[in-house]
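A short worksheet on the structure shown next.
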Amino acid sequence: MGMNTGLYWFEHDLRLQDNQALSQLLQEVKQAHLIYIFQPKWFVVNDFGHCAMGQHRYRFLRESLHDLQQQLNSNGQQLHIYYGEPDTIIMKLHEQYEFTHVAKHFHTGVYECNQFERMSQLLQSDKVNSKPQVMTANSYTLFNENDLPMSVANLPDVFSPFRRKVEKDAKPQAPIKLDLNYLPAPCESEPSIANDLPKILGSDPILAKHNKTVQQLIGGETQARAQMQYYTFGTQGLSTYKETRNGLEGWDFSSKLSPWLAAGCISARQVAEWINEYEGTYGANDSTYWLFFELLWREFYQWQQYKYGHHMYQHKGIQQHTPTGGHQPDMFVRWCNGSTDYPIINACMRQLKHTGFMSNRGRQLVASCLVHELGLNWQYGAAYFEQMLIDFDPASNWGNWQYLAGVGSDPRGLRRFNLAKQTQTYDPDGEFIAYWSSYTSL
Ligand SMILES: Cc1cc2nc3c(=O)[nH]c(=O)nc-3n(C[C@H](O)[C@H](O)[C@H](O)COP(=O)(O)OP(=O)(O)OC[C@H]3O[C@@H](n4cnc5c(N)ncnc54)[C@H](O)[C@@H]3O)c2cc1C
């Protein structure tokens with residue numbers, strides 16, 4: 001028998017530590033080929049007039065891959081970056097190397113699940129002579145499916161009962177460590193790096209220089225850990241998170257971990273463990289608990305997505321009930337560009353366009369405005385967010401949009417925010433609005 005050779009396909013798990021699927025594969029093989037695939041369809045305009053991949057996330061992803069590459073290189077391994085259809089690329093690589101094992105992480109997204117299914121079927125089909133063992137494991141969520149105190153089919157459709165049940169009867173998985181001294185050898189000594197990656201214009205250089213959010217949101221596992229350290233033991237921002245988390249602008253009002261969590265540069269399990277360690281040193285309070293509480297929101301939407309599949313992204317939502325609002329192209333463009341009649345909305349939308357980030361409060365306000373004030377179709381808003389957000393995550397994005405559009409997991413139905421009152425509460429001196437009014441609406 002020949003030597004065990006493995007293929008690992010990185011997706012939303014751009015890290016080496018606490019990566020279950022990667023660790024399991026590396027234990028089985030003597031040689032490994034580690035890949036990431038940029039897919040052409042991410043760059044094609046969809047039915048809503050947007051691409052799945054926008055400039056901010058594209059930059060962040062490439063930085064994350066660079067960090068992964070550097071970590072692997074300094075430990076004798078390589079990351080190969082391809083551009084093309086995954087099926088074709090993987091089958092070609094399998095022809096070349098005859099892998100004994102192929103692995104990819106588990107993710108609850110419809111598209112991600114389908115991709116894994118298709119890859120498994122192709123590799124197990126009659127046409128393939130040497131069929132590899134296809135493996136998957138989860139470390140994107142806090143809990144594994146088996147840890148949940150209910151079946152996915154019986155998952156509560158409202159957050160609070162879900163939270164109460166998991167807090168009582170489930171424990172987040174402990175993160176696992178990978179010993180970088182014992183990585184299997186690479187299949188090739190030189191990395192293959194696609195040189196035909198699509199070009200997307202970079203962010204506004206003036207803003208990139210001055211806006212702190214743009215400066216600090218740098219992709220990669222190394223940066224993710226640095227940010228976790230900064231927000232916890234560094235500044236102890238975690239101890240006041242509950243009071244500051246509704247801020248609109250600035251680096252310190254919330255953890256800013258979302259882009260790293262979405263790209264998988266850090267896992268929710270690592271964040272949960274970090275919170276525990278911090279509480280051990282500085283003590284637990286409402287704020288330290290609240291960060292975990294927000295991770296449970298993330299968790300809730302991940303499993304809702306697994307339960308409802310395509311309904312998560314459809315107009316009628318998981319409730320299968322027709323929402324208000326229709327598509328009005330001119331009004332929608334005004335919303336995107338930050339030129340509506342509502343200064344707070346304009347500031348948030350310009351912030352998004354120029355940085356790829358918007359606070360949670362801002363996201364709630366602009367979504368409420370799109371649905372209630374402007375009477376638009378919520379899916380267009382969600383699709384625009386998908387392209388623009390540096391932290392886009394299918395479950396968190398489409399789940400939150402559904403919630404606000406009244407077709408998702410909100411028991412109270414439509415959530416309408418009073419924009420004048422919200423402006424008074426969250427931007428009482430008008431600083432946020434003034435800051436962003438100096439940026440063009442493009
Ligand atoms: C319309 C809308 C769209 C959204 N789209 C996304 C998205 O595509 N990707 C994304 O990561 N978050 C999304 N969110 C959730 C939330 O706004 C962001 O996670 C948060 O603003 C990120 O900043 P932070 O990391 O500083 O959050 P913190 O307040 O520090 O929270 C810590 C972590 O908890 C999780 N979290 C917090 N709030 C939520 C929430 N409401 N739902 C799910 N998870 C949450 C995130 O992983 C976040 O990083 C959306 C919210 C709304 C209202």
Side-chain angles (χ1 to χ4, degrees), residues 106-110 112-113 138-174 238 241-242 245-246 254-255 257-258 261-262 267-273 275-276 279 284-323 360-361 363-364 367-368 371 378 382 391 393-417:
F106 168 81
H107 188 278
T108 62
V110 170
E112 287 79 359
C113 288
N138 176 25
S139 41
Y140 194 75
T141 52
L142 289 169
F143 309 105
N144 286 337
E145 187 179 347
N146 290 341
D147 302 329
L148 294 172
M150 71 290 278
S151 66
V152 169
N154 288 323
L155 202 75
D157 288 338
V158 174
F159 173 67
S160 296
F162 168 81
R163 175 184 63 77
R164 283 193 292 269
K165 274 207 158 94
V166 294
E167 282 188 336
K168 187 165 154 281
D169 296 324
K171 234 178 105 183
Q173 287 280 329
L238 179 54
Y241 169 69
K242 195 163 179 228
R245 60 180 285 273
N246 279 309
S254 64
S255 76
L257 288 171
S258 55
L261 281 164
S267 72
R269 297 167 186 190
Q270 289 173 308
V271 178
E273 187 181 62
I275 296 172
N276 274 336
E279 288 177 334
N285 65 14
D286 283 357
S287 284
T288 59
Y289 164 71
W290 214 261
L291 194 66
F292 182 70
F293 177 95
E294 293 300 337
L295 289 180
L296 291 180
W297 266 109
R298 175 182 182 274
E299 190 77 12
F300 172 68
Y301 284 128
Q302 298 301 321
W303 294 110
Q304 283 278 308
Q305 173 174 251
Y306 200 47
K307 175 177 177 183
Y308 284 107
H310 285 292
H311 288 172
M312 198 76 179
Y313 326 115
Q314 285 170 354
H315 193 221
K316 292 183 174 182
I318 62 165
Q319 290 184 16
Q320 287 296 289
H321 134 83
T322 306
N360 185 57
R361 176 62 43 179
R363 294 179 206 206
Q364 290 177 318
S368 169
V371 172
W378 69 271
D391 63 10
D393 169 282
S396 295
N397 186 57
W398 291 80
N400 272 292
W401 268 97
Q402 287 208 359
Y403 182 99
L404 289 155
V407 294
S409 56
D410 182 5
R412 267 180 28 191
L414 296 175
R415 293 241 167 193
R416 183 174 195 160
F417 288 82

For [X], all residues meeting ring-ring contact (aromatic ring centres under 6.0 Å, His included), sequence neighbours excluded:
| X | answer |
| --- | --- |
| F162 | F300 |
| Y140 | H107 |
| Y403 | W297 |

Is there a donor-acceptor contact under 3.5 Å from the side chain of [X] to the main chain of [Y]?
| X | Y | result |
| --- | --- | --- |
| S368 | F417 | yes |
| Q173 | D147 | no |
| N285 | S287 | yes |

Among N400, N397, L296, which residue meets the side-chain contact (heavy atoms from CB on, under 4.5 Å) test with Y301?
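Exactly one option meets the side-chain contact (heavy atoms from CB on, under 4.5 Å) with Y301, and it is N400.
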Rounded to the nearest 0.5 Å, how far does [atom2] of [Y] lie from [atom1] of [X]?
| X | Y | atom1 | atom2 | value |
| --- | --- | --- | --- | --- |
| Q314 | W398 | CD | CH2 | 10.0 Å |
| E299 | E294 | CD | CD | 13.5 Å |
| Q304 | T108 | CD | OG1 | 10.5 Å |
| W303 | E145 | CH2 | CD | 5.0 Å |
| K242 | T288 | NZ | OG1 | 11.0 Å |
| S267 | L261 | OG | CG | 8.0 Å |

What are the two closest heavy atoms between [X] and [Y], and how far apart are they?
| X | Y | result |
| --- | --- | --- |
| R269 | L142 | NE-O, 3.4 Å |
| L295 | A268 | CD1-O, 4.0 Å |
| M312 | A395 | CE-O, 3.7 Å |

Which residues pass the side chain to side chain contact (heavy atoms under 4.5 Å, CB included) test with [X], not counting sequence neighbours?
| X | value |
| --- | --- |
| H321 | Q319, V407 |
| K165 | P149, M150 |
| S254 | Y241, K256 |

Is there a side-chain contact between [X] and [Y] (heavy atoms, below 4.5 Å)?
| X | Y | answer |
| --- | --- | --- |
| Y306 | L155 | no |
| V371 | R415 | no |
| Q402 | S409 | no |

Could you point out which residue of N138, D393, T141 forms a side-chain hydrogen bond (donor to acceptor under 3.5 Å, both in side chains) with Q302?
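When N138, D393, T141 are each tested with Q302, the side-chain hydrogen bond (donor to acceptor under 3.5 Å, both in side chains) holds only for D393.
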Can you check side chain to side chain donor-acceptor pair (under 3.5 Å) on Q305 and Y313, steps first, answer last?
CA-CA 9 Å; Q305 173 174 251; Y313 326 115; 2.9 Å; yes
Report the C-alpha distance between F106 and N144 in whole Å, list the side-chain angles of each, state the deciding distance to 0.1 Å, and finish with yes or no for side-chain contact (heavy atoms from CB on, under 4.5 Å).
CA-CA 10 Å; F106 168 81; N144 286 337; over 6 Å; no
